[in-house]
Amino acid sequence: MDFLEIMRSRKSCRAYDPSKKVSREDLLKIVEAGRLSPSGCNSQPWKFIVVDSPEAKAKLCDAIVVGNGVTGAPWRDQVSAFIIFVEQHAKVMQSVLNHYKDSQRFAQGDIGAACMNMCHEAYSLGLATCMIGMNDQAKMEEYFGIPHGCEARLVLAVGYALDNTPVNKVRKPLSEVCSFNSFTGEL
């Protein structure tokens, strides 16, 4: 399948088949796609925690509900497995550090790229994913042994979709999001 066709057909899943479990072999293939992702200064500022046991999943389902009961994943109990993306300290070139005064300048983008590569690998394996951005950092640290100061930046839900009906993606037109040579240039 052409890569742009994959992009057109892959969707964020919010309804999973709880009776189907993702194998550890497939989960490791997905993590490998993240591990091989590019990163600023090759810093690889990530640690991936795969959550697939019933006990760990129950803790994660609790940790992705924030203080007032809000969650971005009301369907979380249906998911076969999760992958937590923990932002690690990035080692960058001294010139980058001198310029930005921040070793983490590229870390969130790097984690986003790794996550998207994992989404594509999961899709190629016939699996569905959804990125979850909300979590209670204190619970993530307590439940998963994440060191204080290492942010649980993102969680990826991985499982089998209940419904694989294609969706019509609603996106801004290319002419609205792209220009040549300046911000207001024409396509």
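Not measured: the values here are computed from a predicted model.
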**Q** Got a sec, which residues hit salt bridge (charged side-chain N to carboxylate O under 4.0 Å, His left out) with R8, two or more places apart in sequence or on another chain?
**A** none

**Q** With side chains defined as the heavy atoms from C-beta onward, is the minimum distance between H89 and S103 less than 4.5 Å?
**A** yes

**Q** Could you tell me which non-hydrogen atom of A114 sits nearest to which non-hydrogen atom of S37, and how far apart they are?
**A** CA-OG, 3.3 Å

**Q** In the hydrophobic clustering that connects Ile, Leu, Val, Met, Phe, Trp and Tyr at side-chain heavy-atom distances below 4.5 Å, which members other than M134 occupy its cluster, ordered by chain and number?
**A** V66, V70

**Q** Determine whether more than 12 heavy atoms belonging to other residues, nucleotides or ligands lie under 6.0 Å from atom NZ of K169.
**A** yes

**Q** Among the clusters formed by ILVMFWY side chains lying less than 4.5 Å apart, do L28 and V50 turn up in the same one?
**A** no

**Q** Is the shortest side-chain heavy-atom distance between E32 and E121 below 4.5 Å?
**A** no

**Q** How long is the straight-line distance from CG of D110 back to CD of Q104, given to the nearest 0.5 Å?
**A** 9.5 Å

**Q** Give the minimum heavy-atom separation between A15 and C13, together with the two atoms involved.
**A** O-SG, 3.2 Å

**Q** CD/Q78 to OG/S19 distance, rounded to the nearest 0.5 angstrom?
**A** 11.0 Å

**Q** Just verifying a value: how many Å separate N135 CG and T71 OG1, rounded to the nearest 0.5 Å?
**A** 9.5 Å

**Q** Run the side-chain contact (heavy atoms from CB on, under 4.5 Å) test against N98 and tell me which residues pass, sequence neighbours left out.
**A** Q94

**Q** By ring pair (Phe, Tyr, Trp, His ring centres under 6.0 Å), which residues pair with F85, not counting sequence neighbours?
**A** F48

**Q** Do V158 and L156 come within less than 4.5 Å of each other through their side chains, counting heavy atoms only?
**A** yes

**Q** Are more than 12 heavy atoms, taken from residues, nucleotides or ligands other than K47, located less than 6.0 Å from that residue's NZ atom?
**A** no

**Q** For the residue pair P18 and K21, what are the closest heavy atoms and their distance?
**A** O-NZ, 2.9 Å

**Q** In Å, rounded to the nearest 0.5 Å, how long is the span from OG of S39 to NZ of K91?
**A** 13.0 Å

**Q** Is it true that, when you exclude K59 itself, more than 12 heavy atoms of the residues, nucleotides or ligands shown sit nearer than 6.0 Å to its NZ?
**A** no

**Q** Is there a path from L154 to F106 through hydrophobic residues (I, L, V, M, F, W, Y) whose side chains come within less than 4.5 Å of each other?
**A** no

**Q** Between A152 and Q137, what is the shortest heavy-atom contact and its length?
**A** N-OE1, 2.9 Å

**Q** Hey, is the main chain of E87 close enough, under 3.5 Å, to the side chain of R153 for a donor-acceptor pair?
**A** no

**Q** What I want to find out is whether D52 reaches K57 closely enough, with some N-O distance under 4.0 Å, to be called a salt bridge.
**A** no

**Q** Side chains of V65 and D136, heavy atoms from C-beta outward: is any pair under 4.5 Å?
**A** no

**Q** If I compare all heavy atoms of G159 with all of V22, which pair ends up nearest, and what's the gap?
**A** CA-CG2, 3.7 Å

**Q** Roughly how far, to the nearest 0.5 Å, is CG of D26 from CG of L127?
**A** 5.5 Å

**Q** What about M118 and M116, same hydrophobic cluster or not, with Ile/Leu/Val/Met/Phe/Trp/Tyr joined at side-chain heavy-atom distances under 4.5 Å?
**A** yes

**Q** Minimum heavy-atom separation for E141 and G149, please, with both atom names.
**A** OE2-N, 4.2 Å

**Q** About how many Å separate CZ of R10 and SG of C119, when rounded to the nearest 0.5 Å?
**A** 4.5 Å

**Q** Test side chain to side chain contact (heavy atoms under 4.5 Å, CB included) on S12 and T129 and set out the steps.
**A** CA-CA 6 Å; S12 294; T129 56; over 6 Å; no

**Q** Supply the members, apart from V86, of the Ile/Leu/Val/Met/Phe/Trp/Tyr cluster built from side-chain contacts under 4.5 Å; use none for a lone residue.
**A** Y16, I49, V51, L60, I64, W75, V79, F82, I84, I132, M140, Y143, F144, I146, V155

**Q** Under the ring-ring contact (aromatic ring centres under 6.0 Å, His included) rule, what pairs show up with a residue in residues 114-135, not counting sequence neighbours?
**A** F3-H120

